[in-house]
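Everything on this sheet refers to the single structure shown next.
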Amino acid sequence: MSTKTLSKLDAPKNISNSEKTLGDNDFIVSKTDTKGKIIYCNEIFVKMAGYPPADLIGANHNLIRHPDMPRIAFKVAWDLIQDKKEFFGFVKNLSADGSYYWVLAYITADVDASGKIESYTSVRRKPPQSAVNAIKPIYKQLLDAERSGGIDASAKILENLLEANKVSYDEFVINLQKGASL
Ligand SMILES: Cc1cc2nc3c(=O)[nH]c(=O)nc-3n(C[C@H](O)[C@H](O)[C@H](O)COP(=O)(O)O)c2cc1C
């Protein structure tokens, strides 16, 4: 069987409103090189993404990026992990069949003995429905802001939101995960 490395061009064009949900005990795991290309993914990752496993290796992780996700979410993630800090965030991912699934993602850098980043690892779980309900309108607002004012506009909105609620980004995510309305 021949394999090919998938690219964003292979992502589905027909995006549907059909949602898949993770099981309560599922962990989606993937590992990337320093550029974000997948070097490992587990079985549940393959099942949720819906692509042939061999074709996922070497593919850029943005293959499963959903167009409803604001760019600022990934900027926050990359800024933190490149700085060897942990990222937690709610992510809507796109499957090969055009459906979507929500996760609470954790991403961290894997460093060698000298402190150099060798790869990144992500583990994801099913988020509580209350967190998904709360984050949806926020991401919509960030996305709309990006469409008119670019990433600077969404960065400002996120900053204002955190400031108004007197929380850090991490606290904001943890509070939603715990079921708080913000
Ligand atoms: C270990 C790791 C896991 C990632 N997991 C996801 C993911 O599940 N979904 C996603 O959309 N982006 C994920 N990303 C972020 C992507 O690399 C990328 O920044 C994002 O999809 C936006 O891509 P784009 O700016 O090319 O559209 C992950 C990055 C790393 C390093």
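Side chains included, hydrogens not; waters and symmetry mates left out as well; all remaining heavy atoms used. Note that ligands are numbered from 1 as they come in the structure, with each ligand's atoms numbered from 1 the same way.
- Note that R125 lies in the cation-pi zone of F27, set by a 6.0 Å cut-off to the ring centre and a 45° limit from the axis.
- Placement of L94 and L56 in two distinct hydrophobic clusters is found when ILVMFWY residues are connected by side-chain heavy-atom separations under 4.5 Å, directly or transitively.
- The residue among Q82, R65, K92, H61 with a heavy atom at the shortest distance from atom 16 (C) of ligand 1 is H61.
- The protein atom (non-hydrogen) at minimum distance from atom 19 (O) of ligand 1 is W78 NE1, 2.8 Å.
- A continuous path of hydrophobic side-chain contacts links W78 to L104 [ILVMFWY only; heavy atoms under 4.5 Å].
- For ligand 1, the atoms lying closer than 4.0 Å to a non-hydrogen atom of I64 are 7 (C), 8 (O), 9 (N).
- Of the protein's heavy atoms, N62 CB, 3.2 Å lies nearest to atom 23 (O) of ligand 1.
- Taking 4.0 Å as the cut-off between side-chain N and carboxylate O, K126 and D26 do not count as a salt-bridged pair.
- K156 and D152 are not joined by a salt bridge, as no carboxylate oxygen comes within less than 4.0 angstrom of a charged side-chain nitrogen.
- Ion pairing between a basic and an acidic side chain is recognised when a charged N comes within 4.0 Å of a carboxylate O; D33 and K35 show no such pairing.
- Nearest to atom 5 (N) of ligand 1 among the protein's heavy atoms is R124 NH2, 3.0 Å.
- Counting heavy atoms closer than 4.0 Å to ligand 1, residue I107 contributes side-chain atoms (C-beta onward) but none from N, CA, C or O.
- Counting protein heavy atoms only, atom 12 (N) of ligand 1 is closest to F74 CE2, 3.3 Å.
- Shortest contact from atom 31 (C) of ligand 1 to any protein heavy atom: T32 OG1, 3.4 Å.
- Of the protein's non-hydrogen atoms, N93 ND2, 3.1 Å is the one closest to atom 8 (O) of ligand 1.
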### Task
Decide side-chain contact (heavy atoms from CB on, under 4.5 Å) for K4 and D10; before the verdict, give the C-alpha distance in whole Å, the side-chain angles of both, and the deciding distance to 0.1 Å.
CA-CA 11 Å; K4 63 161 192 164; D10 299 301; 3.0 Å; yes
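- The shortest distance between side-chain heavy atoms of L161 and E159 does not fall below 4.5 Å.
- Between S122 and ligand 1 there is a heavy-atom distance shorter than 4.0 Å.
- Counting heavy atoms closer than 4.0 Å to ligand 1, residue H66 contributes nothing at all.
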